[in-house]
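A quick write-up on the structure given underneath.
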Amino acid sequence: MAFRGRAKGERMRTRKGSEATAVSDVNDTNEGGPAILAENLTKIFGTGKAAKTALDGLHLSVARGTVHGVLGPNGAGKTTAVRILTTLLRPTGGRAEVAGHDVTVDPDRIRYRIGLLGQHAALDEQLSGRQNLELFGRLYHLGGSGAARRADELLDRFDLADTGKKAVSRYSGGMRRRLDLAASLILRPAILFLDEPTTGLDPRGRTEVWNAIRSLTGAGTTVLLTTQYLEEADQLADRISVIDGGRRVAEGTPDELKATVGADRIDVIVRDAARVDAAASAVGAAVGTPHTTTDPDRRLVSAPVTDRMAALTATVRGLADAGIDAEDIAVRRPTLDEVFLHVTDDRRKAAA
Ligand SMILES: Nc1ncnc2c1ncn2[C@@H]1O[C@H](COP(=O)(O)OP(=O)(O)OP(=O)(O)O)[C@@H](O)[C@H]1O
Ligand SMILES: [Mg+2]
């Protein structure tokens with residue numbers, strides 16, 4: 001996605017020096033305020049019977065220099081929110097600010113401070129990675145040598161230097177996405193929007209893109225990342241807003257969200273499938289709960305615990321006393337999957 005709406009006289013200088021220095025240059029308003037703010041944001045597509053509410057009073061606040069995950073299922077309103085915040089779409093109601101500027105009042109001021117990695121890539125397949133980046137650089141008025149220098153820096157940074165001459169049509173999915181990411185960073189944006197950056201990638205490609213995103217955060221860039229993958233939000237985000245039906249249904253750090261589901265759990269995998277029920281009794285007695293669950297196919301016994309260390313010790317002892325062999329014992333936090341099901345279930349129950 002290319003932004004060309006840079007205001008006159010605001011041409012970006014190319015300069016040597018750290019990314020952090022360059023980024024701080026463009027944080028010129030609302031010092032200390034949030035990088036991204038949405039208040040009661042609504043978006044209704046169409047009218048009358050065909051009207052579709054995509055955003056239904058969304059609140060969002062993203063602190064500068066943080067990675068914020070917006071997590072939601074298909075149709076939750078993630079792309080709609082990103083399009084409004086990147087000034088590609090006008091909201092129906094509410095307000096939003098990016099870098100201290102209102103999205104409907106000052107879209108031009110916002111556009112040259114942000115980068116956008118859309119849900120679908122915007123690269124020229126026939127050109128090489130280097131040529132793609134140089135093309136973007138020239139579109140953004142960096143000039144021939146400035147564009148070449150920036151392309152080199154970015155290829156190097158995203159581990160694409162060796163493949164810079166290869167046509168993009170011969171790139172793997174992970175390489176393409178990294179090149180896309182590099183292209184969205186041509187202007188050293190202070191705020192970067194990533195709309196489902198790893199959808200469709202295999203695990204290796206996903207890890208490559210995750211590492212690339214992590215490298216941005218040290219440089220002071222604010223990142224808003226949408227994803228359907230709980231693990232992705234868990235890996236990358238400082239804070240997460242869970243959205244469903246165009247509203248925020250939960251918000252917090254990954255740990256805070258997991259804590260909302262309640263207790264930690266102890267999982268035991270027994271060696272002998274025939275002993276799963278006996279193990280459930282032993283674990284229940286050891287940790288003092290009637291709420292054990294079993295999954296015989298996985299030879300799994302699971303129980304909620306309050307004191308992690310005491311539960312682990314008592315479980316090891318209880319299983320040994322009952323003569324049951326365990327293949328694996330682990331105390332774990334609830335997963336974000338459990339958080340997600342918990343908050344979206346509550347919402348559906350409340351609506352019913
Ligand atoms: N241009 C449009 N016209 C009508 N309805 C739309 C339009 N764009 C989005 N919608 C609807 O708004 C809702 C939110 O869509 P949006 O694309 O923001 O969801 P999303 O969270 O990005 O989903 P996904 O994970 O599938 O990308 C959906 O019900 C969608 O069908
Ligand atoms: Mg989307």
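First listed ligand is number 1; within each ligand, the first listed atom is number 1. Count residues from 1 along the sequence.
Using a 4.0 Å cut-off between charged side-chain N and carboxylate O, Arg206 and Glu208 make no salt bridge. Electrostatic pairing of Arg111 and Asp108 counts as a salt bridge here, judged by a charged N lying under 4.0 Å from a carboxylate O. Look at Arg332 and Asp267 and you find a salt bridge, because one of the NZ, NE, NH1 or NH2 atoms lies within 4.0 Å of a carboxylate O, short of that distance. A salt bridge is absent between Arg177 and Glu196: the closest approach of a Lys/Arg side-chain nitrogen to an acidic carboxylate oxygen does not fall below 4.0 angstrom. A salt bridge links Arg176 with Glu125; the closest basic N to acidic carboxylate O contact falls under 4.0 Å.
At distances below 3.5 Å, not a single donor-acceptor pair connects side-chain atoms of Arg64 with backbone N or O atoms of Thr221.
Checking Asp102 against Thr104 by side-chain atom types alone, a donor-acceptor pair falls below 3.5 Å. There is a side-chain donor-acceptor pair under 3.5 Å between Glu232 and Thr227.
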Verify side-chain hydrogen bond (donor to acceptor under 3.5 Å, both in side chains) between Ser241 and Arg248, making sure each step is shown before the conclusion. CA-CA 6 Å; Ser241 298; Arg248 183 174 68 184; 4.9 Å; no

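Shown are the protein N/O/S atoms under 2.8 Å from the Mg ion (ligand 2), given by residue and atom: Thr79 OG1, Gln119 OE1.
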Tabulated below should be the N or O atoms of ligand 1 paired with protein N or O atoms at under 3.5 Å; can you produce that?
| residue | atom | partner | partner atom | Å |
| --- | --- | --- | --- | --- |
| ligand 1 | 18 (O) | Thr79 | N | 3.4 |
| ligand 1 | 18 (O) | Thr80 | N | 2.9 |
| ligand 1 | 18 (O) | Thr80 | OG1 | 2.6 |
| ligand 1 | 19 (O) | Gly77 | N | 3.3 |
| ligand 1 | 21 (O) | Ala76 | N | 3.2 |
| ligand 1 | 21 (O) | Gly77 | N | 3.0 |
| ligand 1 | 21 (O) | Lys78 | N | 2.8 |
| ligand 1 | 21 (O) | Lys78 | NZ | 2.9 |
| ligand 1 | 22 (O) | Thr79 | N | 2.9 |
| ligand 1 | 22 (O) | Thr79 | OG1 | 2.8 |
| ligand 1 | 23 (O) | Gly75 | N | 2.8 |
| ligand 1 | 25 (O) | Asn74 | ND2 | 3.3 |
| ligand 1 | 25 (O) | Lys78 | NZ | 2.7 |
| ligand 1 | 25 (O) | Glu196 | OE2 | 2.8 |
| ligand 1 | 25 (O) | Gln228 | NE2 | 3.0 |
| ligand 1 | 26 (O) | Asn74 | ND2 | 2.7 |
| ligand 1 | 27 (O) | Gln119 | OE1 | 3.4 |
| ligand 1 | 27 (O) | Gln119 | NE2 | 3.0 |
| ligand 1 | 27 (O) | Glu196 | OE2 | 3.3 |
| ligand 1 | 29 (O) | Lys52 | NZ | 3.4 |

